[in-house]
Novice: 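Dropping a structure here in structure tokens format, bear with me for questions.
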Amino acid sequence: MPDSASRNEFTVQGIAASQGIAYGQIFLYLQNEVQVPDYQVEVEKRIDEVARFDRALVLTRQQVARTKSEVERNIGPEEAAIFDAHLMVLEDEALIGETIREFESTGRNIETCFHRVSTRYVQAFSEIDDEYLRERAGDLRDVTQRVLRNLLGQEESSLNKLADRRIVVAADITPSESASLDRSSALALVTDSGSKTSHAVIVARSMKVPAVVGVRDLTRRVRDGAWALIDGYDGVVIVNPSESTLFRYGKIQERKKSFEARLLDAVRLPAVTLDGVGITLLANIEKSDEVGKVREAHADGVGLYRTEFLFLNLGRAPTEEEQFEDYRRVVESLAPSPVVIRTLDLGGDKPIAGNASLFPHESNPFMGFRAIRWCLENREVFKDQLRAILRASAFGKVRMMYPMISGADEMARANAILEECRSELRARGVPFDPALEVGAMIEIPSAAYTTDLIARQSAFFSIGTNDLIQYTLAIDRGNDRIAHLYEPTHPAVLRTLRHIITEAHRHKVPVGVCGEMAGDPVFAPLLLGLGVDSLSMTPAWLPSVKYLVRSMSLADARALAEEAMGLSSPAEIYARCDAFYRARVRLD
Ligand code: PEP
Ligand code: MG
């Protein structure tokens, strides 16, 4: 097996997830649970063992205090407060005393004793009825991992810790970890598992950070600090690249750069096709501080604000007030352009970490307790969000949509709760837009085939192709083993899209797409040809899609869609879309 220590160049093929080329040193992010060795400590070494425990606790306290002040400085005091809970754990007499007693009675090494005791505590906390105390289980787990790492002399693993610009190589990155990805220091992102639509990739794309996923066991084949070249166009990772490889890639990069300069020139121009049809291009965002990017990309507004990241970043449900301030910031600064706020899509692959009571473990999370299903059962959290959105609607043009709607009944239940919120605000005398448009995401096949029924209660639809494809094809969007079967051009996907669009238009409901397909210039013409009214994508991709829109006619796109509808193979349909794109967009 090639090894980076040998300095020989070796290449790994993965899935191209975010375009771009990067060259730099690897930051190996190993965030797995610490493996705890278990052994007997000789009697004469027992005093040293307790001293070792004390030293690890002191070191951990120093690390936590340092992280706390960094977070306070960079993010804010409220977010930093979580580390007070961590410091309390490190001073907890009961936890420390019990560990020492366990050690005295068993003589096993201190890591084992500490691990046993803390696991019992975590278990006990997660079973308590009080929500606040239950949440402390997550803090306890977090901080005990740090102590164990210090006892074992292992490096602290944190994405925030990236000191200089590095290529992050990880087994996988959870949505909350990707939220903490330092935007100024990640040169590229590479993960052993994952797919093009994982949230880490969506974040990487939004940061214009090249990404390659599905490289299987790369984390076991490279060492921290090794040099690598990442080709996010073709999904290739080259470790220890030779001079000639670097030269070859340098040339490619130059050509891509000059093409990107042309794209940026086009971004100020209107998104009008050669046959004179204006196309609405919107932006997807996950944080309120991304409004600058929306403006820079000259988007017509926000087509998808994924609000769950506010929750994930805080590690708890924000208050109505906190959410209102966040939404208002976005809405006000983009007014009069519309902002589509999507209600919470938590759960599934996006639980709030360490919160087992609100997000119990599920063996099949994508089919589980997520999004609107979760909100309908956590009414108070949902209502805080709905009131915050309604209140923000007084400050600009807000639209709101629910994720993962499965049918008309669910839509009616969500709308009934919204109505309650409207009444509450009226009673409080708080202003909101009475004409706020409410729509549904169509991303489950059952919703696709009841589009006509849901249309009666919807002002607009937004098709979430990321989920729609996974549910239509029964392909887990995050599973790299079957990533090659995740085919946006599968005839079943095309037929489902056509059905949704036809039914929506028959009921005079506009329909857009906000999944990753919308921001891919290879697929955008197909979607427009099928009849969608708008495309919403990560702002970084808007220039490419706009450039393409300005280089094609809608009549040609319609012909492409008609032809594609008559084909039976996903590969053949993809080839037609790719040819359409290449005929209009030349790299040099
Ligand atoms: C989608 O499913 O296409 C979508 C836009 O939502 P998310 O990726 O947040 O699930
Ligand atoms: Mg979705």
Side-chain angles (χ1 to χ4, degrees), residues 17-18 173-176 178-179 194-206 211 213 281-287 290 299 302-313 339-351 365-375 399-406 410 439-448 460-479 483 486-488 490 493 496-497 500-501 511-520 523-524 527 532 534-541 545:
S18 175
I173 291 191
T174 64
S176 45
S178 62
S195 72
K196 275 185 167 183
T197 61
S198 71
H199 274 84
V201 166
I202 293 174
V203 171
R205 279 162 68 92
S206 74
V213 298
L281 299 182
L282 301 156
N284 293 353
I285 59 168
E286 295 182 349
K287 287 165 107 186
E290 289 178 286
V302 167
L304 167 65
Y305 181 12
R306 289 183 166 102
T307 55
E308 53 278 6
F309 286 88
L310 185 60
F311 288 62
L312 292 171
N313 292 344
V339 175
V340 180
I341 303 181
R342 175 175 78 179
T343 60
L344 276 179
D345 189 0
L346 282 174
D349 64 330
K350 288 179 283 192
F366 270 123
M367 300 255 193
F369 192 38
R370 64 175 282 208
I372 196 68
R373 301 168 185 177
W374 187 90
C375 287
R399 296 189 179 121
M400 188 187 91
M401 66 183 178
Y402 308 117
M404 299 282 294
I405 286 288
S406 64
E410 219 163 34
M441 281 196 73
I442 304 290
E443 47 185 347
I444 302 184
S446 60
F460 65 95
F461 288 133
S462 187
I463 305 177
T465 45
N466 303 341
D467 280 314
L468 186 64
I469 296 169
Q470 86 162 337
Y471 296 126
T472 302
L473 303 180
I475 300 294
D476 177 346
R477 69 192 243 195
N479 184 338
Y486 184 94
E487 289 171 314
H490 194 292
V493 174
T496 309
L497 289 172
I500 299 168
I501 296 162
V511 54
V513 174
C514 64
E516 293 305 289
M517 241 182 129
D520 190 328
F523 298 132
L527 296 172
V532 300
S534 62
L535 299 172
S536 190
M537 66 208 73
T538 179
W541 286 93
V545 174

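We count ligands from 1, going down the list as the structure has it; atoms in each ligand are counted the same way. Remember, it's a predicted structure, so these values are computed and weren't measured experimentally.
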Novice: Are any non-hydrogen side-chain atoms of Asp476 and Gln470 less than 4.5 angstrom apart?
Specialist: yes

Novice: Mind checking whether Thr465 has an N or O less than 3.5 Å away from an N or O of ligand 1?
Specialist: yes

Novice: What part of Ile463, side chain, backbone, both or neither, has a heavy atom within less than 4.0 angstrom of ligand 1?
Specialist: neither

Novice: Report yes or no: does a heavy atom of Arg342 sit under 4.0 Å from some atom of ligand 1?
Specialist: yes

Novice: Measuring from the Mg ion (ligand 2), name the closest N, O or S atom belonging to Asp467.
Specialist: OD2

Novice: Are the side chain of Ser446 and the backbone N or O of Ser406 linked by a donor-acceptor pair below 3.5 Å?
Specialist: yes

Novice: Hey, are the side chains of Trp541 and Leu281 touching, using non-hydrogen atoms and a 4.5 Å cut-off?
Specialist: no

Novice: Mind checking whether Met404 has a heavy atom under 4.0 Å from ligand 1?
Specialist: no

Novice: Do Val532 and Ile501 have side-chain heavy atoms sitting under 4.5 Å apart?
Specialist: yes

Novice: Polar-atom distance check: Asp467 versus ligand 1, any N or O pair below 3.5 Å?
Specialist: yes

Novice: Using a 4.0 Å cutoff against the non-hydrogen atoms of Arg306, which atoms of ligand 1 qualify?
Specialist: 4 (C), 5 (C), 6 (O), 7 (P), 8 (O), 9 (O)

Novice: Measure Glu516 to ligand 1 on non-hydrogen atoms and call it side chain, backbone, both or neither using the 4.0 Å cut-off.
Specialist: neither

Novice: Is there a side-chain contact between Val545 and Met537 (heavy atoms, below 4.5 Å)?
Specialist: yes

Novice: Short question: side chain of Asp467, backbone of Met404 - any donor-acceptor pair under 3.5 Å?
Specialist: no

Novice: Select one of side chain, backbone, both or neither to describe which atoms of Gln470 lie under 4.0 Å from any atom of ligand 1, heavy atoms only.
Specialist: neither

Novice: Find out whether Pro445 and Thr496 are in side-chain contact, i.e. whether some heavy atom of one side chain is under 4.5 Å from a heavy atom of the other.
Specialist: no

Novice: Below 4.5 Å, heavy atoms only, C-beta onward: do Leu304 and Leu282 meet side chain to side chain?
Specialist: no

Novice: Restricting to N, O or S atoms of Glu443, which is nearest to the Mg ion (ligand 2)?
Specialist: OE1

Novice: Where on Asp345 is there a heavy atom closer than 4.0 Å to ligand 1, on the side chain, on the backbone, on both, or on neither?
Specialist: side chain

Novice: If you count the atoms of ligand 1 from 1 in the order shown, which ones are under 4.0 Å from a heavy atom of Leu304?
Specialist: 5 (C)

Novice: Answer yes or no: is there an ion pair linking Arg306 with Asp345, defined by an N-O contact shorter than 4.0 Å?
Specialist: no

Novice: Just jot down the ligand 1 atoms closer than 4.0 angstrom to any heavy atom of Gly464, in number order.
Specialist: 1 (C), 2 (O), 3 (O)

Novice: Output the list of atoms in ligand 1 that are nearer than 4.0 Å to some heavy atom of Lys350, sorted by atom number.
Specialist: 9 (O)

Novice: Could you list which atoms of ligand 1 come closer than 4.0 Å to a heavy atom of Cys514?
Specialist: 5 (C)

Novice: Less than 4.5 Å apart, any side-chain heavy atom of Val201 and any of Glu516?
Specialist: no

